[in-house]
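To start, the structure under review is shown below, and the notes come after it.
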Amino acid sequence: MKAKKARAGNPRNEKRANSSPVLLGKRAVRRLANRMNKVLDYLKQNQPRFLTEFCDYLRFASVSAQPKHKKDLQACAEWLVAHGRHIGLETKLYPTAGHPIVIAKTPRAKKSKQPHYMVYGHYDVQPPEPLELWQSPPFEPRIVGRNLFARGSTDNKGQNFAHFKAVEAYLKTGTLLPCDLTFVIEGEEEVGSENLSVFLRTNKAELDCEAVVISDTGMPSLKHPALGYSLRGIIAFEITLHGPSRDLHSGGFGGAVDNPAMALSQLLGQLRDKNGRITIPGFYDDVAPLSAYERKEYSRLPGTDSQLQKLIGVKKLFGERGFTSSEQRSARPTFEINGLTSGYQGEGSKTIIPSWARAKITCRLVPNQNPEHVRKKVLAHLKQICPPTVRLEIEAGHGAEAYYVSPTGKHAQAALRALEKAFGCQPILTREGGSIPIVNQFKKILGADSLLLGLGLPDDNAHSPNEKFSLDCFEKGQRLSAYLWQELAK
Ligand code: BES
Ligand code: MN
């Protein structure tokens, strides 16, 4: 990734070259179809029970960021272990320095010659706050029409549970599963996956696999199932501007002393120009450009800017000039203020000059940007433009490279075939705007690429109040998983 520059070729051309039809005899074709039908019938017949189980999974308040929920994470992991065992998987709970990791393996021959795939997911969820904005409590799942509302429903419990159910269908119908699978479901994705990296290193041999299958991203619509081939990276940090040694009377001192909140606003205000470009010198230096092919693929995405505006409730979109909103959201780096705090936040007014002001910031990164290089440039610039009237304190947070894998490989082609079969329409290739930092470790430690088969929809409210998962995505996701193992084994 570092050495070779990321640029997508035209995978649809390669598709013809690469996936020369697998030649099966008529008998073999019929046998395969019969097998698939058994699995698909099982899935169809058992949806009501799957829903009940899914709701049980969602009732655990497995909020990894909040220490008060430590027991809920443990209980959720234990539930997954028991459930996995119940459906015929060989499961184990691995304690870590943080929240436990669930491992679930399909039964396999001692010296199995079948290809081995890892299925990655996470059972931890984002904090549900602000609670008052939920239409029903976040950990009391509620079904409305074809949607299931609960924290963690789309990110990520519903998505990993769909794979669990597909594998159950194979195991419970006694259908030959042509791949060996190891589920790795962690409890710390939303807080940086620190202990999973350790786990990967210590269990490297056991986790050696062809590729990692991950459903923890999205698709543009049910008619546009997608194979993701890129994720953005990230750097996180906090800056605090310190002013007077305590809050001051703004009447007594105002006018003669800098206000840290104002200084911070001005400092941050300089970092973006009117064309939406980040003004930090060198910020865009290593950004991989989009190929003509990729831009064309982007133009196949459904939805208009006015629909997007409506979905997120803004008067008008804003982004870097020269790029479409889809490109801005996934192929361009950003500088975002995630939180801004200073002074009095309570009711009514309070006439003070606050002693300090703080901003929580993350930058999304794209292929070929090195997180530590970008971090250095950003922080150097902040130090340079910080006025002498305040003291700048910087606290560094986590960082991860972007991920990019060519969608022309044989695994990607198999995934595209499975998507088409499961959803009944032609899949598209997407770059994802979010980050899953552990995918880089899968590549570095295990040498395995990740197949991003996201089942979330744009209006799922991931990380927001009223998170939901579409039951159509849940069902089609199960079918996708069922087909995938056949296609990957071809
Ligand atoms: N499922 C998301 C990642 C995601 C969402 C990728 C949508 C692509 C599209 C994941 O659970 C997540 O939220 N990741 C964090 C990582 C961060 C805390 C380092 C993110 O992207 O903010
Ligand atoms: Mn998330």
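Without hydrogens or angle criteria, Arg108 side chain to Thr106 main chain gives a donor-acceptor distance under 3.5 Å. Checking side-chain atoms of Asn156 against main-chain N and O of His122 turns up a donor-acceptor pair under 3.5 Å. Ser112 places no side-chain N or O within donor-acceptor distance of the main-chain N or O of Ala109, the cut-off being under 3.5 Å. Remark: side-chain polar atoms of Gln328 are paired, donor with acceptor, to backbone N or O of Glu320 under 3.5 angstrom. Looking at His116, its side chain does come within 3.5 Å of a backbone N or O of Asp208 through a donor-acceptor pair.
Put simply, the side chain of Val125 reaches to within 4.5 Å of the side chain of Lys157, judged on heavy atoms. Contact annotation: the side chain of Leu32 approaches that of Gln486 to within less than 4.5 Å [non-hydrogen atoms, C-beta and beyond]. Here the side chains of Ile438 and Ser197 are in contact, with some heavy-atom distance below 4.5 Å.
A salt bridge is absent between Arg417 and Glu420; no separation between the charged side-chain nitrogens and carboxylate oxygens falls under 4.0 Å. Using a cut-off of 4.0 Å between Lys/Arg side-chain N and Asp/Glu carboxylate O, Glu401 and Lys443 are scored as not salt-bridged. Contact check on Arg59 versus Asp56 returns a salt bridge, with a Lys/Arg side-chain nitrogen under 4.0 Å from an Asp/Glu carboxylate oxygen. Between Arg49 and Glu53 a salt bridge is recorded (basic side-chain N to carboxylate O distance below 4.0 Å).
The number of heavy atoms from other shown groups lying within 6.0 Å of CZ (Arg146) is above 12. Within 6.0 Å of atom NZ in Lys172, more than 12 heavy atoms from other residues, nucleotides or ligands are found, so the atom counts as buried in its surroundings. Annotation for Arg329: atom CZ does not count as buried by contact number, only 12 or fewer foreign heavy atoms lying within 6.0 Å. Residue-environment remark: NE2 (His463) exceeds the threshold of 12 foreign heavy atoms within 6.0 Å. Annotation for Gln441: atom CD counts as buried by contact number, over 12 foreign heavy atoms lying within 6.0 Å.
Tested against Glu327 for a salt bridge (charged side-chain N to carboxylate O under 4.0 Å, His left out), the candidates Arg332, Arg431, Arg295 yield a single pass: Arg295.
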Problem set entry | Test log, rule side-chain hydrogen bond (donor to acceptor under 3.5 Å, both in side chains), inputs Thr175 and Thr173 | CA-CA 5 Å; Thr175 308; Thr173 55; 2.6 Å; yes
Exercise. Where do His83 and Tyr57 land on the ring pair (Phe, Tyr, Trp, His ring centres under 6.0 Å) test, with the steps shown first?
Worked result: CA-CA 10 Å; His83 191 75; Tyr57 189 12; 8.3 Å; no
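A donor-acceptor contact under 3.5 angstrom links the side chains of Tyr42 and Glu168, judged on distance only.
Here Ser450 contributes atom OG and Ile436 contributes atom CD1; the two are 8.0 Å apart, rounded to the nearest 0.5 Å.
Relative ring orientation between His69 and Phe139 is described as tilted, the plane-to-plane angle lying within the 30° to 60° band. Classified by interplanar angle (parallel below 30°, tilted 30° to 60°, perpendicular above 60°), the ring pair Phe474/Phe161 is parallel. Between Trp485 and Tyr117, the angle of the ring planes lies from 30° to 60°, which puts this pair in the tilted group.
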